[in-house]
Amino acid sequence: MECIYCFLGFLLLAARLPLDAAKRFHDVLSNERPSGYMREHNQLNGWSSDENDWNEKLYPVWKRGDPRWKNSWKGGHVQAVLTSDSPALVGSTITFVVNLVFPRCQKEDANGNIVYEKNCRNDTGPSPDPFVYNWAAWSEDNDRENDTSQDHHNVFPDGKPFPHPPGWKKRNFVYVFHTLGQYFQRLGRCSVRVSINTANVTLGPQLMEVTVYRRHRRAYVPIAKVKDVYVVTDQIPIFVTMSQKNNRNLSDETFLRNLPIIFNVLIHDPSHFLNKSAINYKWIFGDNTGLFVSLNSTLNHTYVRNGTFNLNLTVQAAVPGPCPSPSPRPPKPTPSLPPGGDNPLELSDVPDENCQINRYGYFTATITIVDGILEVNIIKMTDVPMSPPQPDNSLMDFVVTCEGIIPTEVCTIISDPSCQITQSIICDPVDVNMGELCLLTVRRAFRESGTYCMNLTLGDEASLALTSTHVSVPGRDPASSLRIANGVLVSVGCLTLFVTVIALLAYKKHKAYKPIGNRTGIVVKGKRLNVFLHHAKSAFFPGNQEKDPLLKNQPGTL
């Protein structure tokens, strides 16, 4: 009898050995975790338990550091990038996307083959073969073999056959997603997308792992592994943006008094799970103004006092959902109704199918309110008169006023009429001793006549007020310039004519005089020149002519 028990035990042990030796999905995909990790989760729709067997012969398993990884791809290594639209509100759908990044100069073509990019040089130089992997040729070779068992390799790691939608032979990568003790297999190209419903997912951070294989004739080669954390929450994921006119730095949560702040609530709901939900927004701004309830995601609020305030927002959404199971109650007497019949009508509790689940989202912030520049205006523009000769630049003065505190700097940006092409940017400090009245004059130079766009800003540490205007710089009148030039020419001509007439008169007077003889030519010439200059001087500077005995036709003196 003992021999029989020993024999049965041996048979049981022998039958168990293949099961223990077989690779399981959790052994391949979660090498860093115990096999019993997260087995308590509910079944994800379309996913399988990672307790299933893994076909290691068709899909080899390499551990980290295995030297075979170095040759898993021609020309380098493939990187898998995993992203998701996490965080996800429980009950909504979360989507994962895997993109493969190939080595330099490699890409996937329209037929699913991996080819070298044209006119792209990598470290090894141009390749004579345009293909990195020509999977289409492999498929044609398999078809020509006419092997009835050729589809035996077109299966996933668990043995399930590939789906055959149109173009399935162009999908030469196998992606295995693994999370929560379950896996999902997908045949795809260099990018795939997988979505899961989070109704049965435990709240909190979870891990998604993806293993990628490439086709290698009738087998598959691992090329990349990647993992990423995603979050499932029962609170509505919300983000709030705060903006304000004239606020210099929106990221420091410091805002200006007496100017409205625009609060805009953004709900992270990429799967549109809340589209049919009634959503309201409850605001408490912390300045003793009470509770504001709005159905709009955007709200304006103005703080009229300086200080620090605690902002609180609660977003409530009534999400349509299944009604809870009715709790057992003691039986009630069934009243009978007066229609005739042997069996009285029984009233039963019919569950309301329009049940709703309230979900909430919360946002808090501490904001600081300070004084700032509230408004700026240009009230006057005047040309600055220039004394001749006029320079090429034209000067203009801009009289500027502002409301609020006194600015510490003024900046101008001068650009073309469309306000697109900047020509100059000038910033100047503002005199801090200007008093309580915000009134200043800004002088700017313009290189030539024409129309300009000018942005003028007044700023201090917390605020920056802006105004814009178009400036028309007049040009010089060409006719006026011509008249000025003609006037100069006429004046010069008149002066020349006058000098010429005087010179001729002096020459005539000199010619009527007969010089005394017995003088050398040089002396005579010298006297003639002296007499000419003397007459010219007398003509320009008339004086007592009685001392000059050479004057003719003048009455003599006694």
Side-chain angles (χ1 to χ4, degrees), residues 243-252 254-261 306 369-488 491:
S243 60
Q244 184 186 43
K245 178 185 176 183
N246 297 353
N247 193 339
R248 187 159 196 162
N249 186 359
L250 295 176
S251 62
D252 62 357
T254 298
F255 298 92
L256 309 179
R257 181 169 63 93
N258 292 332
L259 280 182
I261 304 173
N306 291 349
I369 305 299
V370 298
D371 288 322
I373 306 169
L374 305 182
E375 189 176 354
V376 57
N377 292 291
I378 299 174
I379 62 173
K380 187 178 181 181
M381 294 185 291
T382 57
D383 294 328
V384 178
M386 306 286 291
S387 58
Q390 294 186 4
D392 294 336
N393 289 353
S394 297
L395 295 180
M396 294 194 71
D397 281 345
F398 301 88
V399 181
V400 180
T401 63
C402 67
E403 296 180 11
I405 66 172
I406 302 300
T408 58
E409 67 174 358
V410 55
C411 293
T412 56
I413 301 177
I414 298 176
S415 55
D416 69 313
S418 65
C419 303
Q420 299 295 322
I421 303 175
T422 301
Q423 298 181 0
S424 67
I425 301 176
I426 302 176
C427 291
D428 298 315
V430 175
D431 185 7
V432 295
N433 297 320
M434 33 184 322
E436 297 181 357
L437 181 63
C438 181
L439 179 67
L440 65 154
T441 300
V442 181
R443 176 168 294 181
R444 289 294 181 259
F446 297 86
R447 290 179 294 183
E448 56 187 12
S449 62
T451 302
Y452 297 86
C453 171
M454 189 180 78
N455 292 331
L456 185 145
T457 58
L458 299 180
D460 70 338
E461 187 178 45
S463 57
L464 196 67
L466 167 70
T467 187
S468 299
T469 186
H470 278 85
V471 180
S472 180
V473 178
R476 298 172 182 171
D477 186 3
S480 175
S481 300
L482 182 60
R483 285 194 298 268
I484 294 174
N486 290 337
V488 172
S491 299

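Count residues from 1 along the sequence.
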Q: Mind checking the NZ-OG spacing from K245 to S243? Nearest 0.5 Å is all I need.
A: 12.5 Å

Q) Which atom pair, heavy atoms only, marks the closest approach of A445 to L395? A) CB-CD2, 3.5 Å

Q) Step by step, would you call T401 with C438 a side-chain contact (heavy atoms from CB on, under 4.5 Å)? A) CA-CA 6 Å; T401 63; C438 181; 5.9 Å; no

Q: Find the distance between CG (D371) and CG (N306) and round it off to the nearest 0.5 Å.
A: 4.5 Å

Q) What distance do Q423 atom CD and S415 atom OG have between them, rounded to the nearest 0.5 Å? A) 7.0 Å

Q. Does a sphere of radius 6.0 Å around CD in E409 hold more than 12 heavy atoms from other residues, nucleotides or ligands, not counting ones at 6.0 Å or beyond?
A. yes

Q. What heavy-atom pair brings I373 and D460 nearest, and what distance separates the two atoms?
A. CD1-N, 4.0 Å

Q.
Please give me the minimum heavy-atom distance between C402 and P407, naming the atom from each residue.
A. SG-CD, 3.8 Å

Q | Step-by-step side-chain contact (heavy atoms from CB on, under 4.5 Å) determination, F398 to V471 | A | CA-CA 10 Å; F398 301 88; V471 180; 3.8 Å; yes

Q: Determine whether N249 and T254 make a side-chain contact, defined as any pair of heavy atoms from C-beta on separated by less than 4.5 Å.
A: no

Q.
What's the separation between atom CD1 in I421 and atom CG in D416, rounded to the nearest 0.5 Å?
A. 4.5 Å

Q. Rounded to the nearest 0.5 Å, how far does CZ of R447 lie from OG of S394?
A. 12.0 Å

Q) Between D428 and R443, does at least one N-O distance fall below 4.0 Å, as a salt bridge requires? A) no

Q: Would you indicate whether the side-chain heavy atoms of T382 and T441 approach each other to under 4.5 Å?
A: no

Q. What heavy-atom pair brings L250 and Q244 nearest, and what distance separates the two atoms?
A. CD2-N, 3.8 Å

Q | Minimum heavy-atom distance between I378 and T469, given as atom pair plus value | A | CD1-CG2, 3.8 Å

Q | Candidate pair L456 and V410, rule side-chain contact (heavy atoms from CB on, under 4.5 Å), full reasoning | A | CA-CA 7 Å; L456 185 145; V410 55; 4.3 Å; yes

Q | Min side-chain heavy-atom separation I379-L439 under 4.5 Å | A | yes

(Q) What's the separation between atom CD1 in I406 and atom CG in L437, rounded to the nearest 0.5 Å? (A) 7.0 Å

Q: Measure across M396 and S472 and return the closest heavy-atom pair with its distance rounded to 0.1 Å.
A: SD-O, 4.5 Å

Q: Let me see the working for V430 and T408 under side-chain contact (heavy atoms from CB on, under 4.5 Å), right down to the final yes or no.
A: CA-CA 5 Å; V430 175; T408 58; 5.7 Å; no

